[in-house]
Undergrad: 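Structure incoming, see below.
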Amino acid sequence: MVMSRRADDDGRTITTRVAWGGFDDNRFRGHAVGGELAGHLGFWGQAWLGVGARRLTREEERFVDELSTCTVVADPRIWPLKVTRLVASYGRAMPAWSAGMNVLEGASVGPHGAGIAARMFQEVKARRDAREDGDLEAVAREMLAERGRLPGFGVPLRPRDERLPSVMAILRAHGRSDRPWTRLALDLEAATLAVRELPINVGGLLAAVLLDLDLSPAQLAAVSVVFAQTSYLANAFEGAEDDAPVMRRLPEDAVRYVGPAPRASGRAPRFIAPAVQPAFEAARKKRPA
Amino acid sequence: MSAAAARPAGVDASPFGVRSADGPIEAHVVRAGARPSLHGYDVHRDLARSTGSGEVAMLALSGELLDDASGRAAEIALTFCAVVSIAEAPVHAAVLTRRCGSPVANGISVAASALAEQARAELDDHAALVAWLEGGTGRVPAAFAAASTDDRTAVDDLRAALGDVGRADLVPAGSITLAAARLAVLFRLGLRDRDRLQAALVVARLPIALGEALAAPRDLRGYPGNLPRFRYVEGEDAGDGDEQAS
């Protein structure tokens, strides 16, 4: 049953294609949850339907599930996860989880950048297809000259993304390493490496793999974040369970103040610290009578 | 009639439909429009010309507009509540969000949620104080007696500042921590439950946290990732098993 737009919509009714809650069953993206999906659709299939994409086959769901394990990197020092830890230090996991998630959209780190990488791959393909010689290295040079870097390429703090070998193994095991976008991404890496030391990272490769699973860039930006959820869950849970006063407040010697020197407003005459007394007197003298 | 037969048919036959009202939703504080009001007071022509932002916050949270002296006392108390430093988790989290290159809206939501958690924990720690304030009699519970010279000095500063506006009476007599004293002042100025006290702490601190965040570069270079340090261990007992150096 699909929610229909009323012909006389007065602007107060929102059309949704996501879901409808019933007394006997619930609907999700055009399907009966109990009557159709239960037993036939797993978590990743839900995610694809959730963003309005097509229904995955069971084999595709297994593939994505295996892929998701390869992408796990839950070190609490990873910056958005550290935000989760900081908030979790007050004892509750859910606000910590959502705070860490709130870092992501538009950030220069984190899985959400896969959407930007996907758009970049689309542009790379368009530029390559527009060239008579189809020279991908020339496209890579052009784009690096224009932008300085390519989204989905480059790995912070280490020379290679350590997750790539297991991702590639999963891709090969499922016969997916030569799908069109995945092939383009790997060929672009080879072309880019001929120009600059900028290997593909897991976010970039994931963007290509998800394009091959028919997600749009906007859809895969959202779904990419789902891949990180167990990392957030683990850090939110442990952070909330632990009593770590140093996460709530760093010791004094861990902070170095680099702001303005002591100064006086000139408005509070009686309680001026000795350090700012001369500044206060100078400010008072400058004020009009 | 069976339960199934009693249910209306059609697209709106949902427990979330039939058991939900169609509106309107009630507004208790703000009447919106060309002449908005806050708890009945004209915002543009009255409050904006006569009250500070701290007093507006107190009005929003308590429902009552303070007199001049009490309003000034509220500004003083909120300023004493406002200081949060980068040493504290909410500001650290907001700064780190900024350094991740996130849009400022992300930092605002991180700061607000972290400050809310900090305020919740602070009110948890002061539950006995709030109960004592609600009771209204006796001495400050011993757990909230000032234990350091810095605390005593800060409370003296608070009393003196409030004394300037004739409201030194708001601070409980005797030895008291600064954290307890400023909560007591806000309570006595009309924030009579922990929810409102918690909200006031967030309102006071959010601009400070955001100021520190906005002063940070949008760049992770130079960020001390090992502050604090994490030590990874495997196995049930932290003393057993492999330990990975950071």
Side-chain angles (χ1 to χ4, degrees), chain A residues 1-4 12 19-24 26-27 75-80 82-92 94-96 98-110 112-113 156-157 240 244-252 254-259 268-271, chain B residues 3-4 7 11-18 22-23 85-94 96-103 105-114 116-122 124 156-157 160-161 163-164 212 215 218-220 223-230 232 246:
Chain A
M1 188 178 294
V2 174
M3 300 288 285
S4 59
R12 292 183 171 208
W20 178 81
F23 283 95
D24 299 315
N26 298 307
R27 307 284 304 181
D75 192 311
R77 294 166 295 185
I78 293 172
W79 310 281
K82 188 164 176 187
V83 169
T84 291
R85 287 289 201 162
L86 286 162
V87 181
S89 69
Y90 294 107
R92 298 199 309 167
M94 293 301 104
S98 78
M101 293 284 293
N102 279 341
V103 177
L104 296 180
E105 190 154 355
S108 58
V109 295
H112 200 261
L157 304 177
V246 73
M247 289 301 286
R248 292 192 289 275
R249 183 186 288 268
L250 296 170
E252 271 186 30
V255 177
R256 183 177 74 243
Y257 176 68
V258 296
R270 280 196 246 170
F271 300 102
Chain B
R7 293 181 202 135
V11 74
D12 287 329
S14 160
F16 305 102
V18 298
D22 284 347
S85 84
I86 200 170
E88 296 171 74
V91 183
H92 188 170
L96 184 50
T97 302
R98 176 82 169 170
R99 279 185 168 260
C100 286
S102 300
N106 300 20
I108 294 170
S109 67
V110 167
S113 61
E117 289 300 294
Q118 182 189 52
R120 178 189 54 75
E122 193 165 332
D124 284 348
D156 286 345
D157 287 341
D164 279 350
E212 190 72 64
R218 299 186 72 191
D219 190 328
L220 284 162
Y223 171 72
N226 281 325
L227 193 66
R229 187 171 288 273
F230 282 92
Y232 175 66
S246 59

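Order of the sequence lines sets the chain letters (A, B, ...), proteins ahead of strands, with each chain counted from 1. Just so it is clear, the values below take in all heavy atoms, side chains as well, and ignore hydrogens, waters and symmetry mates. Keep in mind that this is a model prediction, so the values were computed, not measured.
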Undergrad: Got a donor-acceptor contact below 3.5 angstrom from the B:Asn106 side chain to the A:Asn102 backbone?
TA: yes
Undergrad: Heavy-atom pairs under 4.5 Å with chain B: which of A:Gly91, A:Gly106, A:Ser98 has the most?
TA: A:Gly106
Undergrad: Between A:Pro76, A:Ala88, A:Gly22, which shows the greatest number of heavy-atom pairs under 4.5 Å with chain B?
TA: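 Option with the top pair count is A:Pro76.
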Undergrad: Go through the atoms of A:Leu104 and report whether side chain, backbone, both or neither lie under 4.5 Å from a heavy atom of chain B.
TA: backbone
Undergrad: Looking only at non-hydrogen atoms, find the nearest pair between A:Ala99 and B:Ser113 and report the distance.
TA: CB-OG, 3.7 Å
Undergrad: With a 6.0 Å cut-off (strictly less than), is the heavy-atom count around CD of A:Glu105, excluding the residue itself, greater than 12?
TA: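 For A:Glu105, atom CD is not crowded (no more than 12 foreign heavy atoms under 6.0 Å).
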Undergrad: I need the minimum non-hydrogen distance between A:Tyr90 and B:Pro90, along with the two atoms involved.
TA: OH-CD, 3.3 Å
Undergrad: Measure across A:Phe23 and B:Ser14 and return the closest heavy-atom pair with its distance rounded to 0.1 Å.
TA: CE1-C, 3.6 Å
Undergrad: Closest heavy-atom contact between B:Ala89 and A:Met247?
TA: CB-O, 3.3 Å
Undergrad: Is A:Val255 close to chain B through its backbone or its side chain, or both, or neither, when contacts mean heavy atoms under 4.5 Å?
TA: side chain
Undergrad: Among A:Ser108, A:Pro251, A:Pro156, A:Gly110, which residue forms the greatest number of heavy-atom pairs with chain B at distances under 4.5 Å?
TA: A:Ser108
Undergrad: So which heavy atom on B:Ser102 is nearest to which on A:Val103, and how close?
TA: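 That would be OG-O, 2.6 Å.
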Undergrad: Please report the shortest heavy-atom distance between B:Leu96 and A:Trp79, naming the atom on each side.
TA: CD2-O, 3.5 Å
